Amino acid sequence: MAKPLEASRLVQILRDEGLVVHEYKAWRTHNRNAKGTWGPINGVMIHHTVTEGTGSSVELCYTGHSSLPGPLCHGVIDKKGEVWLVGNGRANHAGLGDGDVLDAVANERKLPPDNEADTDGNSRFYGFECINLGDGKDPWPEAQKLAIERASAAICRAYGWTEKSVIGHLEWQPGKQDPRGFTMSSMRGRIAKRLGRDPDGPPAPPKYEPFPGASFFETGRSSKIITAMGKRLVAEGCGRYEVGPGPEWTAADRKSYAAWQRKLGYSGDDADGVPGRTSWDKLKVPNV
């Protein structure tokens with residue numbers, strides 16, 4: 001009986017496999033556990049999003065839509081090969097599939113044809129949505145396929161599984177075709193080779209430069225509005241101008257930032273402790 005990974009453990013194994021990982025909004029507590037079980041875990045399922053664009057795709061997978069609430073997976077893999085974590089727990093990604101397929105995955109046997117939809121897969125599989133239109137024409141960059149390989153291998157390594165525990169949605173649920181554009185047999189071959197060697201280790205840290213306009217604050221100028229601007233920059237993690245992924249926000253960071261948002265006059269969703277969600281036209285700062 002394989003138990004779900006803790007959120008911090010999932011982040012660690014993905015990074016140890018060489019992946020750039022983004023923690024999106026409140027992903028660590030975002031799930032559909034109230035609607036069904038989460039676990040025991042038996043495998044990893046790969047999907048394509050039928051969307052384009054990283055920002056909108058990640059938000060869709062986090063929030064979902066009126067007929068299917070999010071999270072719609074656990075992680076989104078973008079075209080650059082970076083992983084955006086959007087859910088931790090049960091997610092609406094697998095749906096009902098073939099119980100014989102689940103049995104084959106659990107026992108790492110050859111997959112039978114998926115000809116039934118009689119078994120809940122949302123409780124049993126980690127799901128990765130990969131940004132692709134799924135039309136057979138949208139390309140799959142090597143960086144993205146490498147990230148699929150790495151993410152799958154990371155979870156297999158954590159549980160002691162082989163590549164046979166990784167399947168595509170099209171192998172689980174009748175009528176599905178994702179992922180379209182490469183074969184799951186070829187991807188399992190890549191995962192098997194990766195599992196035969198040590199993890200790549202965490203990626204090199206991003207290079208940073210001072211953010212544009214930093215010199216303005218270094219001159220010692222002071223006023224109420226400049227102080228408010230400076231606090232905002234610090235709170236948003238802009239003490240450095242990023243050339244790589246953004247700062248990671250812990251629960252303590254979000255709690256502290258939410259308190260600061262409320263002091264500036266924000267409320268509701270605008271004071272949720274998530275950087276970059278509010279607009280400057282609503283920022284209440286003293287007149288000078």
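Just so you know, residue 1 is the first one in the sequence shown, and it goes up from there. Bear in mind the structure is a predicted one, so any value in this text is a computation, not a measurement.
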Joint hydrophobic cluster, Ile131 plus Leu170, side-chain heavy atoms closer than 4.5 Å: no
Backbone N/O of Asp138 and side chain of Asp135: donor-acceptor pair under 3.5 Å: yes
Contact check, side chains of Cys130 and Ile148, non-hydrogen atoms, under 4.5 Å: yes
Residue pair His47 / His93, side-chain heavy-atom distance below 4.5 Å: yes
Donor-acceptor pair, side chain of Asp120 and main chain of Leu96, under 3.5 angstrom: no
Pair Arg190 + Glu163, salt bridge at N-O below 4.0 Å: no
ring-ring contact (aromatic ring centres under 6.0 Å, His included) partner of His74, chosen from Tyr62, Trp38, Tyr24: Trp38
Distance, nearest 0.5 Å, that separates CD of Glu171 from CG of Asp98: 12.0 Å
Check: Asp78 side chain, Lys80 main-chain N or O, donor-acceptor pair, under 3.5 Å: yes
Side-chain heavy atoms of Trp140 within contact of Glu142, under 4.5 Å: no
Within-4.5 Å side-chain heavy-atom neighbours: Thr54 and Lys79: no
4.5 Å side-chain heavy-atom contact, Arg32 and Asn122: no
Main-chain N/O of Ala34 paired to Arg90 side chain as donor or acceptor, under 3.5 Å: no
Aromatic ring pairing Trp84/His22, orientation class (parallel under 30°, perpendicular over 60°, tilted between): parallel
Any side-chain heavy-atom pair of Phe128 and Val83 under 4.5 Å: yes
Residue pair His65 / Leu60: nearest heavy atoms and the distance that separates them: CD2-CD1, 4.2 Å
Which atom of Pro139 lies closest to which atom of Asn132, heavy atoms considered: O-ND2, 3.2 Å
Trp172 and Val105, any side-chain heavy atoms less than 4.5 Å apart: no
Within 6.0 Å of CD in Glu6, more than 12 heavy atoms from elsewhere: no
Side-chain heavy atoms of Ser57 within contact of Glu129, under 4.5 Å: no
side-chain contact (heavy atoms from CB on, under 4.5 Å) against Arg180, all qualifying residues, sequence neighbours excluded: His48, Gln177
For Pro69 against Asn92, the heavy-atom pair lying closest together: O-ND2, 2.9 Å
Note: Lys176-Asp114 ion pair, threshold 4.0 Å (strictly below): no
